[in-house]
Amino acid sequence: MTNDEALNFKLMQTPVTAPARENWQLVIPHRDQVLLEGVSAFARHLVIYEWEAGLPTIRVRQLADGAEHHIQFPDPTYSVDESNNPEFYTDTLRFNYASLVTPRSVFDYNLNTQVRELKKETPVLGGYDRSQYISERLSATAPDGTSVPISIVYKKGLVKNGANPLLLTGYGSYGFSYPATFSSARLSLLDRGVVVAIAHVRGGSEMGRQWYEDGKFLKKKNTFTDFIACSEHLIAQGWTSPHHLAILGGSAGGLLMGAVINLRPDLFRAVVAHVPFVDVVTTILDDYLPLSVMEREEWGDPNDQTFYDYMKSYSPYDNVTAKDYPNLLITAGLNDSRVAYWEPAKWTAKLRSHKTDQNRLLLKTNMGAGHGGASGRYDSLRETAFEYAFLFDQWGLA
């Protein structure tokens, strides 16, 4: 695989005994709309992992005659990845599959007959019935006309009357494609009538490498306006209203939260910002911090005046002003080496000194955790329960 003159990558082949560049031959060409993410070679098949139209795909090629087919998946939005396949001389592929309504599952797939066999599905306690939940794929239109995918899940029987509590999350950085996967904890939301959605904004790679390039450096603001467009679309289509819309994001997704509430605080009732990267300029200018140099490959170098001015124009901390903000729960970790605890702390302090509303503003610092929050399973669930309690309080749910 190479991205030489191929933004979304292409696949080449060459004899093992003559790997020099002049012997390369094209196997899979570059395509503007399809991201080649990886390949697995077997004795009789080539299995190709790609992202197309915002969804992960698996394509199977018969090496004998070049015949191809795609593995079909039952849900409109989902996640899939390769499992362990150590055997070269086999016609069986093992892969992992999940969706917003399907728990993580392991399948064996016959590459010739195209028949799959479920080997294991993660159990969900409490009598989970997937037929009671519906997932969909939506699309919002950004200010520049770009279509932004949205993955959404809700309980059957929901009425789009504009009064549904909705939790919208997003990330949009480092080329990370936000997976539409299963969460048993999410059932606590869905069973109370909450709609849960993911905004697949630019800065990820869901729509190819250009989708990432259009959400970084001097195009970073596309990430924020995409998220706002998704929020406005969900409101316009009757899924929710500003009074019922809550948003959640962590780390660079926390930066996203900070940026959008500076731009459109009127759109949201409540915000959960996990370990938010909100003091962008100051942090990246500090060479003593472990990630500062690396971060310049994502956001730009603020020692360059052009990047400094652009980053300063959206940095959440630097753009807090005197106005009404939504209800906020901000979290930090004392041992966080990625987003130091003082970033969310100083952001909280500035918000408290500037905001003109009486809405709730909480800072919760875990004194024994790092960037990922509590590491123990039950401690992690307690953190989730705390966040849900904050949201339920804002939505007026029991």
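Residues R137 and P149 are in side-chain contact: their nearest non-hydrogen atoms beyond the backbone lie under 4.5 Å apart. Between R59 and E68 the shortest side-chain heavy-atom distance falls below 4.5 Å. Using a 4.5 Å heavy-atom cutoff, the side chains of E136 and T77 are not in contact. Under the 4.5 Å side-chain criterion, counting only non-hydrogen atoms from C-beta, Y341 is not in contact with N366. Annotation: side chain of F390 is in contact with side chain of N327 (closest heavy-atom distance under 4.5 Å). With contacts defined as side-chain heavy-atom distances shorter than 4.5 Å, the pair V320/N262 qualifies. In this structure, the side chains of I261 and I247 come closer than 4.5 Å at one or more pairs of heavy atoms. Considering only heavy atoms from C-beta on, V195 stays 4.5 Å or farther from T240 through its side chain.
Using a 4.5 Å cut-off between side-chain heavy atoms of Ile, Leu, Val, Met, Phe, Trp and Tyr, with links allowed through other members, L381 and L167 fall into different hydrophobic clusters. Linking Ile, Leu, Val, Met, Phe, Trp and Tyr whenever their side-chain heavy atoms come within less than 4.5 Å leaves F182 and V106 in two separate clusters. Under the 4.5 Å side-chain heavy-atom criterion for grouping Ile, Leu, Val, Met, Phe, Trp and Tyr, L291 is not connected to L285 through any hydrophobic cluster.
Under the 3.5 Å distance criterion, the side-chain polar atoms of E52 are left unmatched by any main-chain donor or acceptor of V34. In this structure, D91 contributes its side chain and N110 its backbone to no donor-acceptor pair below 3.5 Å. Using a distance-only test at 3.5 Å, with no hydrogens or angles considered, no donor-acceptor pair links the side chain of T365 to the main chain of M367. Under the 3.5 Å distance criterion, the side-chain polar atoms of R192 are matched with a main-chain donor or acceptor of A398. Judged purely by atom type and a 3.5 angstrom limit, S105 has no side-chain atom pairing as donor or acceptor with the backbone of E121. A donor-acceptor contact shorter than 3.5 Å is absent between the side chain of R209 and the backbone of S205. Side chain of T225 to backbone of K221: a donor-acceptor contact under 3.5 angstrom is found. S315 contributes a side-chain N or O that, together with a main-chain N or O of V278, makes up a donor-acceptor pair within less than 3.5 Å. When atom types are taken as modelled, the side chain of K156 and the backbone of S131 share a donor-acceptor pair closer than 3.5 angstrom. Side chain of N85 to backbone of R94: a donor-acceptor contact under 3.5 angstrom is found.
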Taking distance alone, no hydrogens or angles, what donor-acceptor pairs closer than 3.5 Å link side-chain atoms of residues 368-375 to residues at least two apart or in another chain?
from : atom 1 : to   : atom 2 : distance (Å)
H371 : ND1    : D336 : OD1    : 3.1
H371 : ND1    : D336 : OD2    : 2.8
H371 : NE2    : S251 : OG     : 2.9

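In this view, F277 and W299 satisfy the ring-ring contact (aromatic ring centres under 6.0 Å, His included) rule, not counting sequence neighbours. With sequence neighbours excluded, no residue forms a ring-ring contact (aromatic ring centres under 6.0 Å, His included) with F268. Every residue was checked against the salt bridge (Lys or Arg N to Asp or Glu O under 4.0 Å) condition with K350, not counting sequence neighbours, and none meets it. For D357, the side chain to side chain contact (heavy atoms under 4.5 Å, CB included) criterion is met by D324, Y325, K355, N359, not counting sequence neighbours. W347 meets the ring-ring contact (aromatic ring centres under 6.0 Å, His included) test with no other residue; sequence neighbours excluded. With sequence neighbours excluded, the residues forming a salt bridge (Lys or Arg N to Asp or Glu O under 4.0 Å) with D287 are R296, listed by chain and number. In this structure, F386 has no ring-ring contact (aromatic ring centres under 6.0 Å, His included) partners at least two apart in sequence or on a different chain.
When all heavy atoms of A322 and T356 are compared, the closest pair comes out as C-CG2, 3.9 Å. Across A142 and A229, no two heavy atoms sit closer than the pair CA-CB, 3.9 Å. Residues N161 and A163 come closest through the heavy atom pair OD1-N, 2.9 Å. The two residues A180 and I198 make their nearest non-hydrogen contact at CA-CD1, 4.1 Å. In terms of heavy atoms, P29 sits closest to K10 at C-CB, 4.0 Å.
The aromatic rings of Y314 and Y310 lie perpendicular to each other, with more than 60° between the two planes, well past the 30° mark.
Residue pairs meeting the ring pair (Phe, Tyr, Trp, His ring centres under 6.0 Å) criterion with at least one partner in residues 232-263, sequence neighbours excluded, are Y154-W239. Residue pairs meeting the salt bridge (Lys or Arg N to Asp or Glu O under 4.0 Å) criterion with at least one member in residues 252-280, sequence neighbours excluded, are E232-R264, R264-D266, D279-K346.
Summarising the hydrophobic clusters (Ile, Leu, Val, Met, Phe, Trp, Tyr; side-chain heavy atoms under 4.5 Å, direct or chained), the residues clustered with L35 are M1, F9, L11, V27, I28, L36, V39, L46, I48, W51, L63. Alongside L111, the hydrophobic cluster contains F42, V47, Y49, L55, I58, V60, I71, F73, Y78, V80, L93, F95, Y97, F107, Y109, L118 (criterion: ILVMFWY side chains under 4.5 Å).
Of the N and O atoms on the side chains of S177 and H200, not one donor lies less than 3.5 Å from an acceptor on the other residue.
Remark: D379 engages R382 in a salt bridge, criterion side-chain N to carboxylate O under 4.0 Å.
Crowding of Y89 atom OH: a count of heavy atoms from other residues, nucleotides or ligands under 6.0 Å not exceeding 12.
The aromatic ring centroids of F217 and F307 lie less than 6.0 Å from each other.
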